[in-house]
Structures are given as structure tokens and as C-alpha cells.
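Predicted model only: the values in this text are computed from it and were never measured. Just so we're on the same page: letters track the sequence lines, and every chain starts at 1.
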2 protein chains.
Amino acid sequence: MADVIDRRVARTRKALHGALMSLILRKGYEVITIQDIIDEADIGRSTFYAHYTGKEDLLRSGFQTLRALLMEAQRNAPVKRDGPHDEALGFSLAMFEHAREYRDVYRALVGGRGSVVAVNEIRQVLSEVVKKELSGVEDDDAVPRDVRVQFIVGTFLTMLTWWLEGKPRLTPTEVDAMFRRLVLDGVGPSIRVQH
Amino acid sequence: MADVIDRRVARTRKALHGALMSLILRKGYEVITIQDIIDEADIGRSTFYAHYTGKEDLLRSGFQTLRALLMEAQRNAPVKRDGPHDEALGFSLAMFEHAREYRDVYRALVGGRGSVVAVNEIRQVLSEVVKKELSGVEDDDAVPRDVRVQFIVGTFLTMLTWWLEGKPRLTPTEVDAMFRRLVLDGVGPSIRVQH
DNA sequence: GCACAATCAAACATCATGTATGATAATGGA
DNA sequence: TCCATTATCATACATGATGTTTGATTGTGC
């Protein structure tokens, strides 16, 4: 499959990713410099550029694991393609759980002073997943398919951000419930209640 | 109100804002340098720093007009605090219209290679507006108030981005209809329909 | 053990940032 | 009209990040 990798290459890349993660937790992604990374990883400058074009490239390359996780979560989720279909959005709970496990990293990436790069990357991965999930659903005259995908992904990220920034007490299940409530029913019910 | 402003100061600031806007349209916010701005505006380097701490500061200071527009749109919107309340979210149509009028700027700011700073600024302004709008609505056990605010703002930005990036043919009214549909009812209706 | 490839330190050119200085010009009030 | 004030200017400077190059050194896979 993947060509066999020279041990030195593997070691270098691992060191760089590790250094980036440490630094993200310590000072936030935006302000990190290449110098910081190679100092932390104890890797030569030219070696860095032999592997990545910059810190954005390095960050991006670290998202395969997340992608794999989501794809699998989607496969393992209870996809009962018949029934009341409250089991839709099979990815969400798994990802909320993943987010709690790596809370610090997620918060550093997705939170206030986070990285556009990371958020866009997550957005793209999620879009694929949701798109696949909606493939069995028939079209809607009012709202095009891709809008619905973006809506779902956007709402997910809204919840994720809100959760990580302020209310870490809530369990993944609780947050997931709110997420589903919003995505499926919107805020109409609670707004319109008051007459 | 505001202290009387020296003509020179006014002229400088106007030139800088104009230069920033031109450059945003020409090459995108992120890659703009201070040097670009002061060259374009034909303003001395030290003068720039006498007014703003950096390009982010300059950008931020250009959002009062937007803020004012939204506040007024909210006031003028048909706020019937009784009735079926489909008139909620009084700001949205006005902002979609504003966005179409300044399409290029919005797209440059909010689109793909846009600016986090700008998006965050818009997000914050919108949050204030929505928060005020929801002040008369009673609480909901399932979804806290601030989550609903973030949800509405997030969905609005999702629609705005999608609209500006891909489907400029749609009218503000049509986009607004989709926005309201999503915010009020979610995607449950169209997803759950298929059994 | 050997050919090859990866890593290294060091140096370099380039460019952006932010600050400082003293001269010059515009402004607003008297 | 005059004048004190204040903004602007060109210029220079220190600092630090970026990305590339070079030739020597060291680790790998076979």
C-alpha cells in the first residue's frame, strides 16, 4: 500500500507532529513559528522544508486519523434506513466523544484564537461524511441538498465550539442531544411557543 | 458627540480604509501587508502606526457602519411581538440585501480565503442583534439561550457564505426564506419524510 | 560492507514588522 | 493674518521570520 518508509523519515515526521501539538497546547496555533517547531522537535531547518512547505502543511497532514475515525464511526453507527430515523447523523456522537478525549487540542484548534486551517479541514471532512449520510434522502424543494449539508456541518461546529469554550461539564451525549434537536427541529418550536 | 476631528486625521483614515478595501478585492485580506496598504493609500509608515496597531485593527474599525445598519434594520423590522411570529429574525433580510449590494467585499471577507477577523467581527455584531431579538422569548429546557443565539448566527453565516460563493442568482428574499426555514424548522421535516 | 538517502549546521538573501527622529506642512483658533 | 499645535513625512534602524543553498555527516536498506 503505502511505500515502505525510511525509519528516519518516520521519526522526523513524528517528532514534528508531536512538537506542533505541544506548541498548539502551549501557545496556540497562530503564533507558532517554524523556528518554534524545529526547536521543539530538535530537527534541522532544512529537514523541515524537505518534508513540509510550512506549518499549515504540517497541520493539514495530521488529519488523516480524524478522517478515518469519522468514516468508521459512520459505518458503525446504527444506520436503520427505515424507521423514524432518529438515528440519522451517525457521526456526531462519536465526534463529540473524540473531542472530549482530546479536549485541549480541539479547543486550541477550534476555539477563539484557533486556526482557520484546522476548522476548514474539519469542515471538509465532516462535509464528506454528512454528504454520504444524506445520499439516501430525497430532495427538498425548499432547501437544496448542499445547503443542508453545510447547515448540518455548521451547526455541529457551533455546538462543538460552544461546548469546548464554556460548558465542559456536559457529557457528549447531552451535547449531541442538543445538536440533534437543533438540526432536526430548529428553534421554531421554542420561539413560536410564546404567543 | 465625537470630538471634532482634524481634517488631516480624517483624510488619512479614509485613505487607509479605502486602500484596504481595494486591496481586499484585488488580492484577498490575508496576504495584504502593511506596506501594501500604505503604498496604496500613499501614507507614511509611521503615520499608519499612529492610527492603528496593524491591519487587523484597521479592518475592525471599519465595522461601525455595518453595526449601525443592523441595529436599524432590527428596529424597522416588523416586530409583532404577538401572532404566529414568522416575523422574528428581523435583521436577516436587511443583511442579505446589504450583502448583495457589497457582494465583492463580502465575498472577499467571508469567503474561502477570507478573514477570521472579519467573520468574528460579523459574528459578534450579529450575536448582539440576535440576543436582543430573543430577549422576549421564554427559556427552553432542552437548548440554552446562548446556544440558540450561536445557532442562529452560525446558520446565517452558513447561508451567507454558500450564497456568495456559489449561487449569486438567488435573490435576497429567496435566501432569506431558506435561512428562516432552516433556523425555525431544521432539516428534520425533509429527512424524516422518507420512511 | 556499500551505495544511497536523509539529516545536519551554517550561512544567506529577502522581506515584513514596529519604533524612532527631526524636518516640514497643514490646521484651527486668536 | 499670525501662531502654537499637531499631523504627516522620509528615512533609518533593530528584530525576527521565511525559504533556499551547500557540503559534510550519519543512518538505512539491501
Asker: Do the ring planes of B:Phe91 and B:Phe156 sit parallel (below 30°), tilted (30 to 60°) or perpendicular (above 60°)?
Answerer: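 Taking B:Phe156 first and then B:Phe91, their aromatic rings sit tilted (interplane angle of 30° to 60°).
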Asker: Any side-chain N or O of A:His51 below 4.0 angstrom from OP1/OP2 of C:dA6?
Answerer: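 So the side chain of A:His51 is outside the cut-off, no N or O lying under 4.0 Å from OP1 or OP2 of C:dA6.
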Asker: Quick one: is A:Arg7 getting a side-chain N or O under 4.0 Å of the D:dG29 phosphate, OP1 or OP2?
Answerer: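 A:Arg7 to D:dG29 OP1/OP2: side-chain N or O found under 4.0 Å.
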Asker: Does B:Ala10 or B:Arg45 map to a spot on DNA chain D nearer the 5' end, using the closest nucleotide for each?
Answerer: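 Its nucleotide being nearer the 5' end, the pick is B:Ala10.
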Asker: Could you give the CD1-to-P distance, from B:Ile5 to C:dG29, as a whole number of Å?
Answerer: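 Result: 14 Å.
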Asker: Taking only side-chain N and O atoms of A:Ser46, does any of them lie within less than 4.0 angstrom of OP1 or OP2 on C:dC8?
Answerer: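 So the side-chain polar atoms of A:Ser46 never come under 4.0 Å of the phosphate oxygens OP1 or OP2 of C:dC8.
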Asker: What is the separation between atom CD on A:Gln35 and atom P on C:dA11, rounded to the nearest whole Å?
Answerer: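 A:Gln35 atom CD is separated from C:dA11 atom P by 14 Å.
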Asker: Between D:dC9, C:dA26, C:dT7, which nucleotide has the shortest distance from any of its atoms to the side chain of B:Arg11?
Answerer: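 Of the candidates, C:dA26 comes closest.
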Asker: Would you mind reading off the distance between A:Glu56 atom CD and D:dA17 atom C1', rounded to a whole angstrom?
Answerer: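 Going from CD in A:Glu56 over to C1' in D:dA17 covers 16 Å.
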Asker: Out of C:dT17, D:dT8, D:dA10, which nucleotide sits closest to the side chain of B:Thr33?
Answerer: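 Looking only at side-chain atoms, B:Thr33 lies closest to C:dT17.
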Asker: Under 4.0 Å: is that the gap between some side-chain N or O of A:Thr12 and OP1 or OP2 of C:dT7?
Answerer: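 Yes, such a contact exists.
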Asker: Closest approach to the side chain of A:Arg8, judged atom by atom: which nucleotide of C:dT17, D:dA7, D:dT26 is it?
Answerer: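 That would be D:dT26.
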Asker: What contact category does B:Arg13 fall into here, base, sugar-phosphate, or nothing, at under 4.0 angstrom with non-hydrogen atoms?
Answerer: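 No contact.
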Asker: Expressed as a whole number of angstroms, how long is the span from A:Asp57:CG to D:dT18:C1'?
Answerer: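 Result: 15 Å.
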Asker: So, are A:Glu165 and A:Arg107 salt-bridged, with charged N and O less than 4.0 Å apart?
Answerer: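 Not counted as a salt bridge, because no side-chain N and carboxylate O are separated by less than 4.0 Å.
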Asker: Nearest-Å distance, OH (A:Tyr52) to P (C:dA6)?
Answerer: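 Going from A:Tyr52 (OH) to C:dA6 (P), I get 14 Å.
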Asker: Write down the distance between CG (A:Asp6) and P (C:dA6), rounded to a whole number of angstrom.
Answerer: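 So the CG-P distance, A:Asp6 to C:dA6, works out to 6 Å.
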Asker: What is the nucleic acid contact for A:Asp42, judged by heavy atoms within less than 4.0 Å: base, sugar-phosphate only, or nothing?
Answerer: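 Touches sugar-phosphate only.
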Asker: Rounded to the Å, how far apart are A:Phe48 CZ and D:dT21 P?
Answerer: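 Taking CZ of A:Phe48 and P of D:dT21, I get 17 Å after rounding.
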Asker: Tell me whether A:Lys132 is salt-bridged to A:Glu128, with the criterion being a basic N under 4.0 Å from an acidic carboxylate O.
Answerer: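 Judged by the 4.0 Å cut-off on N to carboxylate O distance, A:Lys132 and A:Glu128 do not form a salt bridge.
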Asker: Which of the following nucleotides, D:dC9, C:dA6, C:dC8, is nearest to the side chain of B:Thr47?
Answerer: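 When the side chain of B:Thr47 is considered, D:dC9 is the closest of D:dC9, C:dA6, C:dC8.
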Asker: If you draw a 6.0 Å radius around NZ in A:Lys27, do more than 12 non-hydrogen atoms from other residues or ligands fall strictly inside?
Answerer: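 Yes, the 6.0 Å shell around NZ holds more than 12 heavy atoms from other groups.
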Asker: Tell me: CD1 of B:Ile34 to C1' of D:dA17, nearest whole Å?
Answerer: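 Rounding to the nearest Å, CD1 of B:Ile34 and C1' of D:dA17 are 16 Å apart.
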Asker: Tell me the closest heavy-atom pair linking A:Leu109 and A:Val119, and the distance in Å.
Answerer: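 In this case the closest contact between A:Leu109 and A:Val119 is O-CG2, 4.2 Å.
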Asker: When you measure from the side-chain N and O atoms of B:Tyr49 to the phosphate of C:dT19, is any distance below 4.0 Å, counting only OP1 and OP2?
Answerer: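 B:Tyr49 to C:dT19 OP1/OP2: no side-chain N or O under 4.0 Å.
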